[in-house]
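Data block below; observations after.
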Amino acid sequence: MRLQRWVSFSKRAAGSLAHVRPFTQSAANMAEEAKKLAAYAAVDNHVQNNQVVGVGSGSTIVYAVDRLAERVRQEKLNIVCVPTSFQARQLILQHGLTLSDLDRHPELDVAIDGADEVDADLTLIKGGGKDSKALGQQWKKGVPIEVIPMAYVPVSRTIAERFGGEASLRMAVSKAGPVVTDNSNFLLDWKFERAENWKEVNTAIKMIPGVVETGLFVGMAERAYFGMEDGSVQVRDPPVN
């Protein structure tokens, strides 16, 4: 797959109580509004006519697809959507958008997705949206790592031995047993102990037999949008080297 641009959106709390919305609105509602603002900004600023758009997953992507469908209707845009998950596929179909896949459209013009944490270099943990200078400062659930079921024990041991911390099997909440991905694999959550050279670590983890993919996105994001609870949207670009 060739990708021209990757756009992420996230949310964070307003820094001062004086800037939050009236107290009659609950914190949960304000958080949802912040997610919506970030998603709308990402779609408005990066989606253009005649594009192939990658659609991610998570709670914020619902707002992004809402806005994308609204723009397609209002502006008569020709947009093809490629989902990353079953959830994204269903959202695309529910909104009457054009559904495709990487077999038919292996080159994406832009991909929009949520992130669990974004650092100063626009390295992402995907897999909540937190803004921090370094990964792990605020997002405490770890880096998700998709593994084939028969390999989760040796993979978790290898990661802990080579990189420290603990890689635990993610268990389902509403039913017994582990969480199973769309591809029928398991998820490990790696709670690392220190900041790493994420590019090197990500490559090394992917080389461990049994690992399918990680939730680290290194050098992929072009821009991150943070929906603030005061109604504003802040933008972060990668640092200039």
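What you see is a predicted model, and the numbers here were worked out from it, not measured in a lab.
In this model, a donor atom of one side chain and an acceptor atom of the other lie less than 3.5 Å apart for Thr181 and Glu146. Checked by atom type, the side-chain pair Tyr225/Asn45 shows a donor-acceptor distance below 3.5 Å. A donor atom on one side chain and an acceptor atom on the other are not found under 3.5 Å apart for Asn78 and Asn49. No side-chain N or O of Ser168 forms a donor-acceptor pair with one of Asp189 less than 3.5 Å apart.
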Given the rule in the side chain to side chain contact (heavy atoms under 4.5 Å, CB included) test, do Val55 and Ile92 qualify, once you have shown the distances and angles that lead to the verdict?
CA-CA 9 Å; Val55 179; Ile92 292 166; 4.1 Å; yes
How far apart are the C-alpha atoms of Leu68 and Leu97, what are their side-chain angles, what is the distance that settles it, and do they pass the side chain to side chain contact (heavy atoms under 4.5 Å, CB included) test?
CA-CA 9 Å; Leu68 180 59; Leu97 297 167; 4.0 Å; yes
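The CZ atom of Arg89 lies 15.0 Å from the OG atom of Ser57; values are rounded to the nearest 0.5 Å. Between atom NZ of residue Lys35 and atom CD of residue Glu32 there is a gap of 4.0 Å, rounded to the nearest 0.5 Å. Here the straight-line distance linking atom CG of Leu99 with atom SG of Cys81 works out to 8.0 Å at 0.5 Å rounding.
Side-chain N or O atoms of Gln51 include one that pairs as donor or acceptor with a backbone N or O of Gln48 at under 3.5 Å. In this structure a side-chain-to-backbone donor-acceptor pair under 3.5 Å is missing from Asp121 to Thr123. With hydrogens and angles ignored, the 3.5 Å screen pairs no side-chain donor or acceptor of Trp198 with any backbone N or O of Phe217. The main-chain N or O of Ala42 is never found under 3.5 Å from a side-chain atom of His46 such that the two would form a donor-acceptor pair. Not a single donor-acceptor pair under 3.5 Å links the side chain of Ser100 to the backbone N or O of Arg104.
Two residues are said to be in side-chain contact when any heavy atoms from C-beta on lie closer than 4.5 Å; Arg236 and Arg223 fail this criterion. Contact of the Asp44 side chain with the Arg71 side chain is registered, since non-hydrogen atoms from C-beta on lie closer than 4.5 Å. Looking at Val179 and Phe186, their side chains never come closer than 4.5 Å, going by heavy atoms from C-beta outward. Taking 4.5 Å as the limit, some side-chain heavy atom of Phe163 sits within range of a side-chain heavy atom of Ile205. The shortest distance between side-chain heavy atoms of Ile61 and Gln87 falls below 4.5 Å.
A single hydrophobic cluster is not seen to contain both Val212 and Val155; linkage of ILVMFWY side chains at heavy-atom distances under 4.5 Å, directly or through other members, places them apart. Val82 and Phe86 fall into different hydrophobic clusters, where Ile, Leu, Val, Met, Phe, Trp and Tyr are joined by side-chain heavy atoms under 4.5 Å apart, directly or via other members. Linking ILVMFWY side-chain heavy atoms closer than 4.5 Å, directly or via other members, places Phe192 and Ile159 in a single hydrophobic cluster.
Put simply, the residue from Ile112, Val72, Asp109 that forms a side chain to side chain contact (heavy atoms under 4.5 Å, CB included) with Val47 is Ile112.
When all heavy atoms of Gly215 and Val143 are compared, the pair lying nearest together is N-CG1, 4.2 Å.
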